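Below you'll find the structure, written out as structure tokens, and then a few comments.
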Amino acid sequence: MDKSNNRKVQVLGIDAGGTMTDTFFVDSEGEFVVGKAQSTPQNEALGLIASSKEGLEHWGLTLEEALSGIQTGVYSGTAMLNRVVQRKGLRCGLIVNAGMEDFHRMGRAIQAYLGFAYEDRIHLNTHYYDEPLVPRHLTRGVMERVDMSGTVVIPLREDTARQAARDLIAQDVEGIVISLLHSYRNPGHERRVRDIVQEEVAASGKSIPVFASTDYYPVRKETHRTNTTILEAYAAEPSRQTLNKISSAFKENGSKFDFRVMATHGGTISWKAKELARTIVSGPIGGVVGAKYLGEVLGYSNIACSDIGGTSFDVALITQNELTIRNDPDMARLVLSLPLVAMDSVGAGAGSFIRLDPYTKAIKLGPDSAGYRVGVCWAESGIETVTISDCHVILGYLNPDNFLGGQVKLDRERAWNAMKEQIADPLGLSVEDAAAGVIELLDSDLRDYLRSMISGKGSTPGNFVCFSYGGAGPVHTYGYTEGLGFEDVIVPAWAAGFSAFGCAAADFEYRYDKSLDINIATDASADLKANQAKTLQAAWEELRERVLEEFEINGYSPDRVKLQPGFRMQYRGQLNDLEIESPITEAHSAEDWDKLVEAFNDTYGRVYAASARSPELGYSVTGAIMRGTVPIPKPKIPKEELQGETPPEDAKLGTRKFYRHKTWVDAQLYQMEKLQPGNRITGPAIIESDATTFVVPGGFETFLDGHRLFHLKEV
């Protein structure tokens, strides 16, 4: 507290989740503090301001004092994804090739199955198709055709484009999207249609934004590219208004910085950026970026990231300090063309509803969730179906008087009665055994998920350090890591705000991608190699201009931007490519081409195995990538002197009954903030903080190191 008067707060990280809104403040020394409040979906700014005030109280600062000096603020949240999941976006029009008017409505075959269990895919009564983002009556075709190699087969008939534009403008659409076949190979027709539509919009006197896929996502795969461009109009524009509101709320409290948003590729972009759809899933990405940064500082190269919030369990793997980037991921039952940090999400979190299947009496968890309303245990929630959080309260994991530091009071009796009626009595179990069974079921699901992800990489948990974070992560860490044999299991003391920490640690980065089709044999002539190197170079130059243009909008001149070209390459005939950071900044000659191939072979051997390399097949370059970054101040990882193994007396908060393995035991309670580096705690124990609860049951012990990281071990 004594520093608070002259403390200079520099960075703010935000994670606006479905349940909690976390804020993470970093000062000029790299020290940080975490704030937490319930999310306010109707107006996100309210939850953010409340969370900020709660965090800054620990430093004895008011919001106005802190905001005046902040240089950078990074936002991540789930609002855009929720808007798409619920299909509550803007009314958009779509212009495609004549004869192709139904392809968006039909989707790709895979879209119809996304998110379904196998048995749900094959039964007519459980299988369904989602409404398209743009309905058929707002779709128009124009006469033109470019073939797969970019050659014009049918010239553009401009009168059909004018008619399409007028039809859609007359229907009062709020955005018009243009996506023509193979425009990534030859953008001429699509750009001309865009210009015609803009002329017609101007003539109508209306204000309707126009989105051409070639200006946003010039990549192959029509459905992916079209879906992603539609998202710019359908969901990104409303999110821009949300971010504008948040920015205004902070400006009213004295901030001078412009918000950046966590992007799917792991960097951050301005909320004013042209391509905002790439921020569709930002919260969980923040946690993975935070884990990568922490791993780099502490020397961990293989990390299993596990994040449990109120609505989901998100898992990602970092191998050899590298994130895997997927180029055509799926989200909200849509296939997309976005570079996305590869992660998997299980629809089960602390707020997930628990129900019994009426026929089989099997317990079903989620996928829907109470979100910020916690569960039946919160009397004011209006929730009547029991949730995982209700089990936590019944079993003694959570302190009902200290949820969010006491901001929300929980009622154990309410949870107990609902659990008895809805789950325990129908199953003929005691309430405690029913609640414990639900937790064991969830932990078992998560454990299997983690194990299969790592074995899918051809590895074992023994080669990985597991980071457990998120508001509900530390409650379940022991359960979903038990028996897996991780090299180490780590729970950061700031686990509850870890995604916001990741936002604060992320680079200010823009990234653009472009599809290419370069195929070349291993023994190709030097001239052919040089020509293909020049093709890649031309794509890099085009993307470079777009990256620098984005930074210019944010007031950064080109000399302040560090550019890093990259490419996607595979052995010819393979189905999957790898993303490679280029070892050279420009490619012009055969020697340059050989350096690119060498970098690919080296990465391939690390990701799979040296023996799996197949250079005799030749090489295909499937895409060019350009990333630009501007450095920002990052949070400093704490480094404190180790004290003794015995926790100080003032860290002890008494005991609480805790149920596990069919018995009640007395768990020793500790105040997380009062524990000292070097302290060792043997279970059963519960370590409480305002924002999270770390459960250490019997058979486990934890050690707090000098970086304020808890190491959990089975003993």
Side-chain angles (χ1 to χ4, degrees), residues 19-20 36 306 308-310 313 348-354 365 369-370 374-378 386-406 408-416 418-419 423-424 430-447 468-482 489 491 493 495-496 652-672 681-702 710 712:
T19 307
M20 298 293 171
K36 208 168 185 72
S306 56
I308 305 189
F313 176 71
S352 295
F353 289 123
I354 307 161
L365 305 179
S369 154
V374 191
V376 180
C377 54
W378 183 31
V386 284
T387 68
I388 301 287
S389 292
D390 290 314
C391 296
H392 292 160
V393 174
I394 290 165
L395 299 172
Y397 290 15
L398 292 187
N399 177 351
D401 299 319
N402 191 45
F403 193 74
L404 276 184
V408 174
K409 297 285 186 216
L410 304 182
D411 183 337
R412 182 175 183 271
E413 195 179 341
R414 264 182 76 90
W416 201 91
M419 191 75 189
I423 310 292
S430 72
V431 173
E432 294 84 356
D433 283 340
V438 167
I439 298 297
E440 282 171 28
L441 179 68
L442 173 62
D443 287 344
S444 162
D445 282 355
L446 303 184
R447 195 183 312 126
S468 175
Y469 51 88
V475 179
H476 290 270
T477 308
Y478 77 87
Y480 67 77
T481 59
E482 188 173 13
V489 176
V491 176
K652 293 181 179 173
L653 300 171
T655 61
R656 185 164 70 241
K657 291 278 186 208
F658 171 90
Y659 190 84
R660 184 167 177 258
H661 293 338
K662 292 195 174 297
T663 49
W664 285 101
V665 293
D666 286 319
Q668 176 67 53
L669 304 179
Y670 293 93
Q671 174 73 41
M672 187 180 286
I681 292 169
T682 305
I686 295 174
I687 301 168
E688 291 185 353
S689 159
D690 287 357
T692 192
T693 301
F694 179 27
V695 175
V696 185
F700 287 82
E701 72 166 26
T702 188
F710 288 97
L712 185 68

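All values below come from the heavy atoms of this structure, side chains included, with hydrogens, waters and symmetry mates left out. Please read these numbers as outputs of a predicted model, since none were measured by experiment.
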Counting C-beta onward and ignoring hydrogens, is there a side-chain heavy-atom pair between [X] and [Y] closer than 4.5 Å?
X	Y	answer
Y659	D433	yes
I439	H476	yes
Y480	S468	yes
I687	F710	yes
M419	V438	yes
I681	E701	no

State, to 0.1 Å, how close [X] and [Y] come at their nearest heavy-atom pair, and which atoms those are.
X	Y	result
G471	K36	CA-NZ, 4.3 Å
L653	Q668	N-NE2, 4.3 Å
R447	G479	NH2-O, 2.8 Å
G349	I308	CA-CG2, 4.2 Å
E688	N399	OE2-CB, 3.1 Å

Kindly compute the distance separating [atom1] ([X]) from [atom2] ([Y]), expressed to the nearest 0.5 Å.
X	Y	atom1	atom2	result
T387	F353	OG1	CZ	7.5 Å
L395	F658	CG	CZ	8.0 Å
T481	F700	OG1	CZ	6.0 Å

Going through the checks in order, is the side-chain contact (heavy atoms from CB on, under 4.5 Å) test met by Y469 and T692? CA-CA 9 Å; Y469 51 88; T692 192; over 6 Å; no
Ring geometry between Y397 and Y478 (parallel below 30°, tilted from 30 to 60°, perpendicular above 60°):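 Perpendicular, since the angle between the ring planes exceeds 60°.
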C391/L442 under side-chain contact (heavy atoms from CB on, under 4.5 Å): CA gap, chis, key distance, verdict: CA-CA 11 Å; C391 296; L442 173 62; over 6 Å; no
Stepwise, does the side-chain contact (heavy atoms from CB on, under 4.5 Å) test hold for E482 with D443? CA-CA 9 Å; E482 188 173 13; D443 287 344; over 6 Å; no
Basic-acidic side-chain contact under 4.0 Å: K657, E432: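 Here K657 does not pair with E432 in a salt bridge, since their nearest N and O are not under 4.0 Å apart.
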[X] side chain to [Y] main-chain N or O, any donor-acceptor pair under 3.5 Å?
X	Y	result
R412	I394	yes
S389	A350	yes
D390	C377	yes
S352	I388	no

Using side-chain contact (heavy atoms from CB on, under 4.5 Å), reason through I354 and L365 one step at a time and then give a plain yes or no. CA-CA 5 Å; I354 307 161; L365 305 179; 4.0 Å; yes
